[in-house]
Chemist: 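Take this structure first; my questions come after.
Remember, predicted model here, so these are calculated numbers, not experimental data. Atoms considered below: every heavy atom in the structure, side chains included; atoms not considered: hydrogens, waters and symmetry mates. We name chains A, B, ... by the order of the sequence lines, and we start the count at 1 in each one.
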There are 2 protein chains.
Amino acid sequence: MAGSSTAANGAKASPAIMSDTPRYRRYRPEERAAMLVEAGLAVLAEGGIAGFTVDNICKKSGASRGLIAHHFGAKEGLLAACYAAAYAPLLADLAPEEGMLPDLATLLDRLFSAEHFRPETLRLWLALWGEVAGNPALQAEHRRLYTAFRASLARAIAALAPQAKAETLAVSIIALADGLWLELCIAPDLMPAARARALCADLLEPVLGPLPSGTAEKAVAG
Amino acid sequence: MAGSSTAANGAKASPAIMSDTPRYRRYRPEERAAMLVEAGLAVLAEGGIAGFTVDNICKKSGASRGLIAHHFGAKEGLLAACYAAAYAPLLADLAPEEGMLPDLATLLDRLFSAEHFRPETLRLWLALWGEVAGNPALQAEHRRLYTAFRASLARAIAALAPQAKAETLAVSIIALADGLWLELCIAPDLMPAARARALCADLLEPVLGPLPSGTAEKAVAG
DNA sequence: TTGTTTGTTGAACGATCATACAACAATGGG
DNA sequence: CCCATTGTTGTATGATCGTTCAACAAACAA
């Protein structure tokens with residue numbers, strides 16, 4: 001929409017009317033970056049990594065082509081930012097504050113909350129995981145975040161059942177959640193969040209004993 | 001390498017020497033199709049869906065560009081064939097023959113065998129899953145194959161422990177395997193096949209009782 | 001109002017993509 | 001040996017990709 005180097009400039013309707021309506025809005029760098037990240041997450045969820053194109057992202061965010069390079073250096077920089085942005089809410093839910101950790105049943109409720117456990121989110125993760133597999137920088141970042149995630153879970157397990165193999169169980173729980181997530185995406189009607197949560201509890205209770213809100217009610221974030 | 005419509009034809013070294021060395025080999029359609037599928041699986045494993053290009057596939061298989069369209073209509077046809085080809089060995093391992101079903105411990109050994117449980121294979125699945133999520137045709141095919149897979153597992157569980165919720169457990173086992181597969185890809189050194197198998201057994205044995213080859217040895221296909 | 005800063009624009013560019021197609025040649029039957 | 005069949009080739013084509021960059025204008029200070 002801005003002026004070009006051609007001669008057909010400034011000839012849009014009436015110049016007098018044009019002058020007081022801004023051609024675009026100027027955002028602070030952090031605001032614009034956040035807009036691009038949000039658009040990037042949206043197109044990843046819609047079309048996978050193949051849909052993560054400059055055109056799609058800019059159309060979705062309302063920005064112009066040049067902005068991705070301007071704010072993130074290149075498309076890959078935006079992808080890394082999208083990755084961090086996708087992980088952030090999960091970590092925030094599972095370890096809200098330093099020192100204060102929810103109990104295991106609450107963690108499971110949040111992990112399988114309707115907010116996280118939905119096809120849209122999984123599609124996003126599928127696209128990101130595929131990239132992580134071949135991108136050392138993203139892989140290192142994933143390892144760092146995953147470790148923190150697992151540690152929170154392990155501490156919650158240890159608090160509930162000191163005799164259990166907390167680290168090992170934490171690994172299994174995350175793996176189970178990821179796998180159930182996958183099923184949700186393939187057959188959304190057969191794997192709602194509540195069923196996934198119940199499946200997880202069924203497998204855990206023989207090891208850890210009954211979990212407070214195992215079957216129903218008292219859902220914290222769902 | 002074949003002739004072109006330009007005038008610079010037939011001028012390769014010596015025509016007399018050329019005449020007895022075939023310019024290319026002619027395969028039966030099914031053979032060539034299999035070669036292209038194999039190459040497709042390879043490039044998917046190496047570069048994800050982004051690496052699944054006509055150029056890459058043809059270079060890998062030694063064929064020329066036109067063959068994908070000739071044998072599969074379009075690139076998407078080849079992708080569907082690759083998907084079926086990726087699922088086939090898993091199904092063949094888990095339900096070798098109609099009527100004759102291995103016991104659960106053997107099934108787990110095979111599911112977590114070194115043949116299936118390796119990063120290369122996961123990268124392939126990651127790429128395919130990402131496509132399945134947005135492709136109704138692939139999604140239907142996945143559902144069909146997955147259902148057969150789960151049914152085999154459920155029968156093996158029912159044979160071992162009639163009182164268990166076989167279908168539910170089968171779903172959980174597959175989800176757990178998928179999630180552990182994912183971890184393998186992210187941190188191959190931390191999640192070898194044997195550890196994944198052990199994690200699975202740890203979670204299952206409190207429900208099903210001891211599994212024959214739970215801890216070590218007697219690996220069937222690993 | 002004027003000038004400076006800087007976030008924004010979009011056309012241009014070369015690379016790469018999937019596909020179509022007409023010419024070519026390997027193979028096998030005659 | 002010749003001919004018909006048909007699997008194979010690779011150029012041509014138009015679309016789309018990520019990136020660059022010089023011009024532009026919004027915001028703000030003076």
Side-chain angles (χ1 to χ4, degrees), chain A residues 1-12 15 18-36 39-40 43 47-59 61-80 82 131, chain B residues 1-12 15 18-36 39-40 43 47-59 61-80 82 131:
Chain A
M1 292 260 194
S4 68
S5 54
T6 69
N9 204 4
K12 293 189 188 174
M18 278 290 303
S19 61
D20 58 354
T21 162
R23 282 210 239 252
Y24 59 85
R25 177 168 163 197
R26 236 171 127 95
Y27 291 91
R28 302 207 323 277
E30 61 208 40
E31 283 178 313
R32 181 65 83 175
M35 292 167 65
L36 290 171
V43 300
I49 195 67
F52 192 74
T53 68
V54 172
D55 275 329
N56 283 347
I57 296 160
C58 291
K59 190 174 299 181
S61 75
S64 69
R65 270 185 175 62
L67 280 189
I68 290 179
H70 185 257
H71 287 285
F72 295 95
K75 201 182 75 164
E76 192 176 323
L78 175 58
L79 184 62
C82 287
E131 277 302 296
Chain B
M1 293 259 193
S4 68
S5 55
T6 69
N9 205 3
K12 292 191 187 173
M18 279 291 303
S19 60
D20 58 353
T21 163
R23 282 212 239 252
Y24 57 84
R25 178 170 162 194
R26 235 172 129 95
Y27 292 91
R28 303 208 321 278
E30 62 209 36
E31 284 178 312
R32 181 66 84 175
M35 292 167 65
L36 290 172
V43 300
I49 195 67
F52 193 74
T53 68
V54 172
D55 275 329
N56 283 347
I57 296 161
C58 291
K59 190 173 299 182
S61 75
S64 69
R65 272 189 181 70
L67 280 189
I68 291 180
H70 184 258
H71 287 283
F72 295 94
K75 201 181 73 162
E76 192 176 323
L78 175 59
L79 184 62
C82 287
E131 277 301 297

Chemist: Go through residues 66-75 of chain B and report each residue with a non-hydrogen atom lying under 4.0 Å from DNA chain C, sorted by number.
Modeler: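 The answer is Ala74(B), Lys75(B).
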
Chemist: Report the distance from atom CD1 of Ile49(B) to atom CG of Leu79(B), rounding to the nearest 0.5 Å.
Modeler: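 Nearest 0.5 Å value for the CD1-CG distance: 5.0 Å.
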
Chemist: Answer with yes or no whether Arg23(B) presents, from its side chain, a donor or acceptor under 3.5 Å of a partner atom in the base of dT8(D).
Modeler: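 It does not, because no donor-acceptor pair links the side chain of Arg23(B) to the base of dT8(D) below 3.5 Å.
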
Chemist: What is the separation between atom CZ on Arg26(B) and atom C1' on dG7(D), rounded to the nearest whole Å?
Modeler: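 Taking CZ of Arg26(B) and C1' of dG7(D), I get 4 Å after rounding.
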
Chemist: For Arg28(A) and dT6(C), give me the distance from atom CZ to atom C1', rounded to whole Å.
Modeler: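 Going from Arg28(A) (CZ) to dT6(C) (C1'), I get 15 Å.
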
Chemist: Using atom CZ of Arg65(B) as one end and atom P of dC21(C) as the other, report the distance to the nearest whole Å.
Modeler: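 Interatomic distance, CZ of Arg65(B) to P of dC21(C): 17 Å.
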
Chemist: Establish whether the base of dT8(C) is bridged to the side chain of Arg32(A) by a donor-acceptor pair shorter than 3.5 Å.
Modeler: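 Checked by distance alone, the answer is no.
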
Chemist: Supply the atom-to-atom distance Lys75(A) NZ to Leu36(A) CG, rounded to the nearest 0.5 angstrom.
Modeler: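 One finds 13.5 Å between NZ of Lys75(A) and CG of Leu36(A).
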
Chemist: Kindly compute the distance separating CD (Glu131(A)) from CD (Glu76(A)), expressed to the nearest 0.5 Å.
Modeler: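 So the gap between those two atoms works out to 8.0 Å.
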
Chemist: Find the distance Glu31(B):CD to dG7(D):P and express it as a whole number of Å.
Modeler: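 Value for this atom pair: 12 Å.
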
Chemist: With sequence neighbours excluded, what pairs up with Ser64(A) under the side-chain contact (heavy atoms from CB on, under 4.5 Å) test?
Modeler: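 side-chain contact (heavy atoms from CB on, under 4.5 Å) check on Ser64(A) returns Leu67(A).
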
Chemist: What is the minimum heavy-atom distance between Cys58(A) and Arg65(A), and which atoms define it?
Modeler: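 Scanning both residues, the minimum pair turns out to be SG-CA, 3.7 Å.
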
Chemist: Nearest whole angstrom, please: distance from the P of dG7(C) to the CG of Leu36(A).
Modeler: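 Taking atom P of dG7(C) as the reference, CG of Leu36(A) is at 13 Å.
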
Chemist: Between atom CE in Met35(B) and atom C1' in dT8(D), what is the gap in whole Å?
Modeler: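 It is 12 Å, rounded to the nearest whole Å.
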
Chemist: How long is the span from the CG atom in Leu78(B) to the CD1 atom in Ile57(B), to the nearest 0.5 Å?
Modeler: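 That separation rounds to 5.0 Å.
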
Chemist: How do Arg25(A) and Thr53(A) order along DNA chain D: which one's closest nucleotide is nearer the 5' end?
Modeler: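 Looking at DNA chain D, the more 5' nearest nucleotide goes with Thr53(A).
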
Chemist: Can you list the residues that meet the side-chain contact (heavy atoms from CB on, under 4.5 Å) rule with Arg28(A), with sequence neighbours excluded?
Modeler: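 So Arg28(A) forms a side-chain contact (heavy atoms from CB on, under 4.5 Å) with Glu30(A), Glu31(A).
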
Chemist: Between atom NZ in Lys59(B) and atom P in dA18(C), what is the gap in whole Å?
Modeler: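 Those two atoms, NZ and P, are 12 Å apart.
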
Chemist: I need the CG-P distance between Leu78(A) and dG18(D), as an integer number of Å.
Modeler: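 In whole Å, dG18(D) P lies 11 Å from Leu78(A) CG.
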
